[in-house]
Amino acid sequence: MTHQAFEPKQHIQWDADYVVIGTGAGGAAAASELARGGAEVVMVEAGPWRDPSDYPASVYGSFRDLFDRWGTTVTRGKAIWPIIQGSCVGGSTVINSAIVVRTPGDIFDQWQREHGVGGDVLAERVWAHQDRIEEELFVETTRPDRLGRSSELAAAAAQKMGIEGHLMRRSVKDCLGSAGCLQGCRHGKKQSTNLQWVPEVLARGGSILSCAPVQRIVMEGRRAAGVEGRFRHPRSRRKGGCFTVRARKGVLVAASSTHTPCILQRSGIKSSALGYGFRAHPGCAIPGVYPDPVGMDFGATQGWASVEFRKTPGYKLETLNLPLELAAVRLKGGGSALMERIEELPRMGVWVAACRANSSGRVTNSFGGRPAVHYIMDQADMHRLRDGLKKTAELHFEMGATHVLPGIQGLPYKLTADELHRFDSVSTSPKAYTVIISHLFGGAVMGADPKTSFCDGSGKAYGYDGLYIADAALLPTNLGVNPQHTIMAMARVVAEDILEHNS
Ligand SMILES: Cc1cc2nc3c(=O)[nH]c(=O)nc-3n(C[C@H](O)[C@H](O)[C@H](O)COP(=O)(O)OP(=O)(O)OC[C@H]3O[C@@H](n4cnc5c(N)ncnc54)[C@H](O)[C@@H]3O)c2cc1C
Ligand code: SF4
């Protein structure tokens, strides 16, 4: 087992059967499958290696050490919406809420209908992998004594309103309900890929470079022959020595929907589909303030959800326990007015509506390797989002919230139950909404037609040898449910097919 972290001066040169770029949901799932098949794998990860005991205690520290570019990537278009992702060994699985949702059957039909890949055969393969992944990652339904009051309230509200909902299934082992998943689980309970599959790859003879952003894929003609880049210091971001990893059999790109297309573009890879098909589940939070304490500091970070509206009109509802620093960004004003609002925090429960948006965008490579994400939600999607937010507010009022904080320009800071109708006439301009994007899809999508797809249904790039996509970038649609389980299983399918064809 070899782990090479930041190297200030020397040129590190390694070789392996396969190089996997990125160690998040897709990269680690693919790397572990390859290693189990007997292949020698080197994982190359832009972010640092952090053990749970080293995760920073503060939100500021986690943005600095675990998040991609301190969380500063934003959409370019009519509105500036933050795009949040992890950048560390384990990728976004380190900072996510550990929610595990199996790929809905209608997704495979949609992929087959619209992109010529998928159908029953892929569905059976993905679900078989998901069975195994659930065992490997200790997936369980959130225990009632770890749910927390915010999720209990949401579950009761949905029941009263006749809305179907469920307790989240999560990849956690003896979760303490500390509500801290978004800063990385310092208790080591969340089964992120840095704790599960990355160590397994190393134990099977693989290696990893961390603090090692790949600048480009080395091409020999139309064959992917390795990767190269320069180490980046985890704190100062100063550049260090160079690294080159040669790949005898292939390069798997799994650097996320924003970075995967950029690496391919920087490497001179040509495809009319490259960068296109970026999709998301843009989400907005509606905090509800109650007469009694809610206590967002206890419970599964996200414990309850409803997918009743996933197909029509197209949104998902869920709870989200936020720490003071993140919840406070929604509190307006300063001085004594702000202090009064902060005093409401213990009585606040934050619930989210995430839109299953049909809009699609494009990712291009920008200055300094930064992805430029051109994405605007169209009016039909904005109406869906607005409907979802109104439904979220209704749920809060059903349980006796005194007011909600809509965070929508054109509505007052506080909204009471008798003002609910004001959601119907408020602007649907994207600029008016406080949106965050954390579920990303596409950018190098799979499909049957090389003109509209970057890779085939096995993740193999059209027109190139030894080049594969193994992350969210290959998903040709969004899902309407949390994506990590689908990404992991699809990455396993890609790796399985590689082993079959290259052995
Ligand atoms: C706050 C938050 C909460 C979420 N909660 C959930 C949840 O509970 N359940 C769920 O299903 N989904 C959740 N998601 C989404 C889920 O985590 C992602 O969809 C999933 O991790 C994406 O997998 P990926 O492999 O495409 O990318 P990632 O997991 O983001 O991994 C990409 C990796 O590539 C690395 N990389 C980037 N560029 C380079 C480069 N040039 N060289 C080398 N490495 C590079 C990155 O540093 C990163 O480690 C959440 C996401 C966020 C941000
Ligand atoms: S809720 Fe707390 S203990 Fe449970 S997985 Fe998340 S951070 Fe870890």
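First listed ligand is number 1; within each ligand, the first listed atom is number 1. Just so you know, these numbers use all the heavy atoms, side chains as well, and skip hydrogens, waters and symmetry mates.
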Visitor: Please write down residue, atom name and distance for the protein heavy atom closest to atom 31 (O) of ligand 1.
Guide: Gly24 CA, 3.4 Å
Visitor: What do we get for Ala254 next to ligand 1 when only non-hydrogen atoms under 4.0 Å count, side chain, backbone, both or neither?
Guide: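 For Ala254, only backbone atoms sit under 4.0 Å from ligand 1.
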Visitor: Have a look at Ser192, Gly90, Ala491, Ala255 and point out the one with the heavy atom closest to atom 37 (C) of ligand 1.
Guide: Ala255
Visitor: Could you grab the distance from atom CD of Gln10 to atom SG of Cys242, nearest 0.5 Å is fine?
Guide: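 Rounded to the nearest 0.5 Å, the CD-SG separation comes to 11.5 Å.
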Visitor: Which N, O or S atoms belonging to the protein are less than 2.8 Å from atom 8 (Fe) of ligand 2?
Guide: Cys185 SG
Visitor: Which one holds for Ala212 and ligand 1: side chain close, backbone close, both close, or neither close, with close meaning a heavy atom under 4.0 Å?
Guide: backbone
Visitor: Quick test: of every protein heavy atom, which one is nearest to atom 22 (C) of ligand 1, and how far off is it to 0.1 Å?
Guide: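 The closest heavy atom on the protein side is Ile487 CD1, 3.6 Å.
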Visitor: Under a 3.5 Å distance rule, please check whether Asn482 uses its side chain to pair with a backbone N or O of Ile99 as donor and acceptor.
Guide: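 No, because the side chain of Asn482 does not come within donor-acceptor range (under 3.5 Å) of the backbone of Ile99.
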Visitor: Among Asn321, Leu322, Ile95, find the residue that satisfies the side-chain contact (heavy atoms from CB on, under 4.5 Å) test when tested with Leu182.
Guide: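 The side-chain contact (heavy atoms from CB on, under 4.5 Å) with Leu182 is passed solely by Leu322 among Asn321, Leu322, Ile95.
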Visitor: Under 3.5 Å between any N/O of Ser97 and any N/O of ligand 1: does that happen in this structure?
Guide: yes
Visitor: Nearest to atom 23 (O) of ligand 1, what protein heavy atom do you find, and at what distance?
Guide: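 Closest protein heavy atom to atom 23 (O) of ligand 1: Ala25 CB, 3.4 Å.
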Visitor: In the protein, what heavy atom is nearest to atom 43 (C) of ligand 1, and what distance, to one decimal place, separates them?
Guide: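 So the nearest neighbour among protein heavy atoms is Ala46 N, 3.3 Å.
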Visitor: Quick one: which of Pro483, Ala300, Ala472 has a heavy atom closest to atom 26 (O) of ligand 1?
Guide: Ala472
Visitor: Run the salt bridge (charged side-chain N to carboxylate O under 4.0 Å, His left out) test on Glu220 and Arg246 for me, step by step, so that the C-alpha distance in whole Å, both residues' side-chain angles and the decisive distance to 0.1 Å come before the verdict.
Guide: CA-CA 11 Å; Glu220 285 176 355; Arg246 293 195 61 78; 2.7 Å; yes
Visitor: Do the side chain of Glu318 and the main chain of Trp304 share a donor and acceptor less than 3.5 angstrom apart?
Guide: no
Visitor: For ligand 1, indicate whether the residue Cys88 contacts it via side chain, backbone, both or neither (heavy-atom separation under 4.0 Å).
Guide: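 For Cys88, the contact with ligand 1 is made by the backbone alone.
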Visitor: Do side-chain atoms of His281 reach the backbone of Gly480 as a donor and acceptor pair under 3.5 angstrom?
Guide: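 Here the side-chain-to-backbone pair exists.
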Visitor: Run the salt-bridge test on Glu496 and Arg492 with the 4.0 Å N-O cut-off and return the result as yes or no.
Guide: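 The answer is no: the pair does not qualify as a salt bridge.
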Visitor: Would you indicate which of Asp68, Val20, Asn96 comes nearest to atom 6 (C) of ligand 1 when only heavy atoms are counted?
Guide: Asn96
Visitor: With a 3.5 Å distance limit and no angle check, can you tell me whether Gln191 reaches the backbone of Lys189 through a side-chain donor-acceptor pair?
Guide: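 Side chain of Gln191 to backbone of Lys189: a pair is present.
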Visitor: Would you call the rings of Phe441 and His439 parallel, tilted or perpendicular, taking 30° and 60° as the class edges?
Guide: perpendicular
Visitor: Considering only the protein, which heavy-atom contact is closest to atom 53 (C) of ligand 1, and what is its distance?
Guide: Ile84 O, 3.1 Å
Visitor: Please could you name the atoms of ligand 1 that Val44 approaches to less than 4.0 Å, counting only its heavy atoms?
Guide: 43 (C), 44 (N)
Visitor: Do Phe67 and Trp70 have ring centroids that are under 6.0 Å from one another?
Guide: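 No, the ring centres sit 6.0 Å or more apart.
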Visitor: Would you say that Trp14 contacts Val19 through its side chain, given a criterion of any heavy-atom pair below 4.5 Å between the two side chains?
Guide: no
Visitor: Got Leu147 and Pro144 here, is their nearest side-chain heavy-atom distance under 4.5 Å?
Guide: no
Visitor: How far is atom 42 (N) of ligand 1 from the closest protein heavy atom, and which atom is that?
Guide: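 Answer, as residue, atom name and distance: Val214 N, 2.8 Å.
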Visitor: Show me which atoms of ligand 2 lie under 4.0 Å from any heavy atom of Ala179.
Guide: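 Matching atoms, with element in brackets: 1 (S), 2 (Fe).
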Visitor: Does Gln183 reach ligand 2, in the sense of a heavy atom lying below 4.0 Å from it?
Guide: no
Visitor: Look at Asp131 together with Arg102 and state whether they make a salt bridge at an N to O cut-off of under 4.0 Å.
Guide: yes
Visitor: What protein heavy atom is closest to atom 30 (O) of ligand 1, reported as residue, atom name and distance in Å?
Guide: Ser92 OG, 2.7 Å
Visitor: Given Leu474, Asp471, Leu209, Ile99, which one has a non-hydrogen atom that is nearest to atom 9 (N) of ligand 1?
Guide: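 Shortest heavy-atom distance from atom 9 (N) of ligand 1: Ile99.
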Visitor: Given side chains that start at C-beta, do those of Ile217 and Ile21 come closer than 4.5 Å, heavy atoms only?
Guide: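 Ile217 reaches Ile21 side chain to side chain.
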Visitor: I'd like to check which ligand 1 atoms, numbered from 1 as shown, lie under 4.0 Å from a non-hydrogen atom of His259.
Guide: 37 (C), 38 (N)
Visitor: Apply side chain to side chain donor-acceptor pair (under 3.5 Å) to residues Gln85 and Thr73 and explain how you reach the verdict.
Guide: CA-CA 9 Å; Gln85 298 180 90; Thr73 302; 5.4 Å; no
Visitor: Any nitrogen or oxygen of Ala473, side chain or backbone, less than 3.5 Å from one on ligand 1?
Guide: no
Visitor: Could you tell me whether ligand 1 has any atom less than 4.0 Å away from a heavy atom of Gly229?
Guide: no
Visitor: Just which atoms of ligand 1 are under 4.0 Å from any heavy atom in Ile263?
Guide: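 Listed by number with element, the hits are 40 (C), 41 (N).
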Visitor: For atom 14 (N) of ligand 1, state which one of Met488, His439, Glu45, Gln484 supplies the nearest heavy atom.
Guide: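 Among Met488, His439, Glu45, Gln484, the closest heavy atom to atom 14 (N) of ligand 1 belongs to His439.
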Visitor: Within a distance under 4.0 Å of any heavy atom of Gly86, pick out the atoms of ligand 1 and give their elements.
Guide: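 The list of qualifying atoms is 46 (C), 47 (O), 48 (C).
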Visitor: Contact between Ile469 and Val494 at the side-chain level, heavy atoms closer than 4.5 Å - yes or no?
Guide: no
Visitor: So among Thr75, Val445, Val373, which one has a side-chain contact (heavy atoms from CB on, under 4.5 Å) with Phe278?
Guide: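 The passing option is Val373.
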Visitor: Indicate yes or no for a side-chain donor-acceptor contact from Arg186 to the backbone of Tyr55 under 3.5 Å, with no hydrogens or angles considered.
Guide: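 The answer is yes, because a donor-acceptor pair under 3.5 Å joins these two groups.
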Visitor: Is Ser438 close to ligand 1, meaning an N/O of one under 3.5 Å from an N/O of the other?
Guide: no
Visitor: With heavy-atom distances below 4.5 Å as the criterion, would you say the side chains of Val100 and Ile133 are in contact?
Guide: no
Visitor: When you measure from atom 25 (O) of ligand 1 to every protein heavy atom, which one gives the shortest distance, and what is it?
Guide: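 It is Gly26 N, 2.9 Å.
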